[in-house]
Amino acid sequence: MSVTKLFSIALGAILVNNFILVQFLGICPFMGVSKKMDTALGMGVAVIFVMGIASAATWLINEYLLVRLGLQYMQTVAFILVIAALVQLVEMFLQKAVPALYQALGIYLPLITTNCAVLGVALLNVQNSYNFIESVVYGVTGGIGFLVAICLFASVRERVDNCECPKSFEGFPIALISAGLLALAFMGFSGLRVF
């Protein structure tokens, strides 16, 4: 396993194939939690943790249980169960350790369970035939890409809220336009190659 391949996986997950802005996975928490920078940052860190741990756990379950028993068709169900358990652990930890962040994230924290970006990273690890280290790198850097996207978008939304715009664009419409422009900006990374 080369460092160049790991760097390529990381760069791809953060910029070139960003889960939110390129693959359009995880849009629900992206739109819902990005009104303020502190909640966006908290959600991003929680997603990094869940994606990293989920990548490791789902790889192990897939390789040592599902493949050996010929149950590959159960991957989606098994992965959802693992992700749900991990999110419950994160939720309990935040409720005890950081209650302000737990309250700020509200309903969006349990939504990490159904966040298609977290399930997507587990399924893409299998689809791309990544080994354990590559899976963990892809999961963690995919979460970092999520964090970058949601924090950039939260920054834009905070600035847009302080600006005047036409009445018909106030609120969610201007947020969708801002998200589209941010996604267009990330399309500029599509030609990036690591040799």
Side-chain angles (χ1 to χ4, degrees), residues 1-34 37 40-64 66-67 72 75-76 78-80 82-83 86-87 90 108 111-157 176 178-195:
M1 173 178 20
S2 71
V3 175
T4 306
K5 184 169 183 185
L6 293 178
F7 182 70
S8 176
I9 290 169
L11 198 61
I14 296 170
L15 299 175
V16 180
N17 293 316
N18 186 287
F19 279 99
I20 294 176
L21 299 172
V22 176
Q23 297 183 37
F24 305 112
L25 298 172
I27 297 292
C28 179
F30 176 69
M31 295 303 290
V33 184
S34 60
M37 182 62 89
L41 186 63
M43 176 60 100
V45 170
V47 168
I48 290 171
F49 177 76
V50 170
M51 280 180 134
I53 299 297
S55 292
T58 55
W59 187 90
L60 292 169
I61 286 171
N62 186 57
E63 284 297 313
Y64 294 110
L66 300 178
V67 171
Q72 293 94 329
Q75 285 173 341
T76 304
F79 293 173
I80 288 172
V82 168
I83 292 165
L86 290 171
V87 170
V90 170
Y108 294 101
L111 284 178
I112 294 177
T113 303
T114 58
N115 186 344
C116 52
V118 179
L119 180 59
V121 77
L123 293 173
L124 286 169
N125 284 334
V126 173
Q127 182 181 355
N128 294 331
S129 301
Y130 288 152
N131 63 30
F132 182 76
I133 300 296
E134 292 168 346
S135 294
V136 172
V137 167
Y138 188 59
V140 170
T141 56
I144 292 170
F146 186 95
L147 174 72
V148 167
I150 201 168
C151 285
L152 284 173
F153 189 55
S155 174
V156 168
R157 283 185 80 174
L176 288 174
S178 301
L181 292 172
L182 196 56
L184 281 172
F186 266 69
M187 283 181 64
F189 295 117
S190 63
L192 192 62
R193 300 273 186 253
V194 177
F195 296 101

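Given the structure is predicted, the values throughout are model-derived calculations rather than measurements.
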Tell me the closest heavy-atom pair linking [X] and [Y], and the distance in Å.
X      : Y      : result
Gly142 : Met51  : C-SD, 3.7 Å
Phe30  : Leu21  : CZ-CD2, 4.0 Å
Val45  : Leu147 : N-CD1, 4.1 Å
Phe186 : Ile14  : CE2-O, 3.9 Å
Ala179 : Phe153 : N-CE1, 3.4 Å
Ile61  : Ala78  : CG2-CB, 4.5 Å

Donor-acceptor pairs under 3.5 Å, side chain of residues 120-127 to any protein atom, not counting sequence neighbours: which ones?
| residue | atom | partner | partner atom | Å |
| --- | --- | --- | --- | --- |
| Asn125 | ND2 | Ser55 | OG | 3.4 |
| Asn125 | ND2 | Val121 | O | 3.1 |

Donor-acceptor under 3.5 Å ([X] side chain, [Y] main chain):
X      : Y      : value
Trp59  : Tyr130 : yes
Asn17  : Ala13  : no
Asn131 : Ile133 : yes

Mind checking the [atom1]-[atom2] spacing from [X] to [Y]? Nearest 0.5 Å is all I need.
X      : Y      : atom1 : atom2 : answer
Ser135 : Ile9   : OG    : CD1   : 8.0 Å
Ile27  : Ile20  : CD1   : CD1   : 6.0 Å
Phe146 : Ile48  : CZ    : CD1   : 9.5 Å
Phe19  : Ile150 : CZ    : CD1   : 14.5 Å
Ile83  : Cys116 : CD1   : SG    : 10.5 Å

Test item: Phe132 and Glu63 side chains (from C-beta on) under 4.5 Å apart, heavy atoms:
no
Is the closest side-chain heavy-atom distance between Gln72 and Val67 below 4.5 Å?
yes
Could you list the residues that satisfy side-chain hydrogen bond (donor to acceptor under 3.5 Å, both in side chains) with Asn62, not counting sequence neighbours?
Gln75
All side-chain hydrogen bond (donor to acceptor under 3.5 Å, both in side chains) counterparts of Ser34, not counting sequence neighbours:
Arg157
Please determine whether side-chain contact (heavy atoms from CB on, under 4.5 Å) holds for the pair Val22 and Met187, giving the CA-CA distance in whole Å, both sets of side-chain angles, and the decisive distance to 0.1 Å.
CA-CA 7 Å; Val22 176; Met187 283 181 64; 5.9 Å; no
